[in-house]
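All remarks here apply to the structure that follows.
Computed from a prediction, not measured in an experiment: that's the story for all the values here.
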Amino acid sequence: MGKYDPLGAFLRRWRSRNSAEGLELTLDQIEGIIRGVLPRGAGEGHWWTNDAECGPHQRAWTDAGFAADFDPKTERVFFRCLSPVQ
């Protein structure tokens with residue numbers, strides 16, 4: 001199991017139980033979900049790119065059907081559903 005797999009699992013569960021456009025999480029909440037510390041780069045927008053080819057952390061949300069939008073001022077990530085829940 002990879003470090004970011006719990007984030008992907010969390011997002012999949014959330015999506016199966018909710019019909020909202022997406023959800024917002026703080027970096028602290030994400031660290032709680034992955035039970036670990038995010039790297040320093042997570043405080044910068046480029047780390048939250050939605051290109052699944054960039055690394056396992058991006059694949060966690062893209063494979064779960066989300067795009068990530070990071071606000072560095074509030075240190076919050078909005079995970080937006082990419083398609084309607086089936």
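The side chain to side chain contact (heavy atoms under 4.5 Å, CB included) check on Ala64 picks up Leu11, Arg12, Phe66, with sequence neighbours excluded. Among residues two or more places apart in sequence or in another chain, the side chain to side chain contact (heavy atoms under 4.5 Å, CB included) test is passed with Glu31 by Asp28, Val37, Leu38. A search for side chain to side chain contact (heavy atoms under 4.5 Å, CB included) contacts involving Ala67 returns Asn50, Arg80, Leu82, not counting sequence neighbours.
How far CG of Leu23 is from CD of Gln29: 8.5 Å, rounded to the nearest 0.5 Å. Atoms NE2 and CD1, from His57 and Ile30 in turn, are 11.0 Å apart once rounded to the nearest 0.5 Å.
In terms of modelled atom types and a separation under 3.5 Å, the side chain of Asp5 and the main chain of Gly2 share a donor-acceptor contact. Side-chain atoms of Ser16 come within 3.5 Å of backbone N or O of Arg13 as a donor-acceptor pair. A donor-acceptor pair is defined here as one N or O able to donate and one able to accept, closer than 3.5 Å; no such pair exists between the side chain of Glu44 and the backbone of Gly41. Between the side chain of Trp48 and the backbone N or O of Ala42 there is at least one donor-acceptor pair closer than 3.5 Å.
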- Item | Worked verdict on Val77 versus Trp47 for side chain to side chain contact (heavy atoms under 4.5 Å, CB included) | CA-CA 11 Å; Val77 183; Trp47 198 84; over 6 Å; no
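A pairwise comparison of heavy atoms in Phe78 and Glu21 identifies CE2-OE2, 3.9 Å as the closest pair. Taking both residues in full, the closest heavy atoms of Arg76 and Thr26 are given as NH1-CG2, 3.4 Å, listed atom of the first, atom of the second, then distance. In this structure, Pro56 and Tyr4 approach most closely via the heavy-atom pair O-CB, 4.1 Å. Contact between Ala20 and Cys81 at its shortest, heavy atoms only, is O-SG, 3.8 Å.
For the pair Leu27 and Phe70, the minimum side-chain heavy-atom distance is below 4.5 Å.
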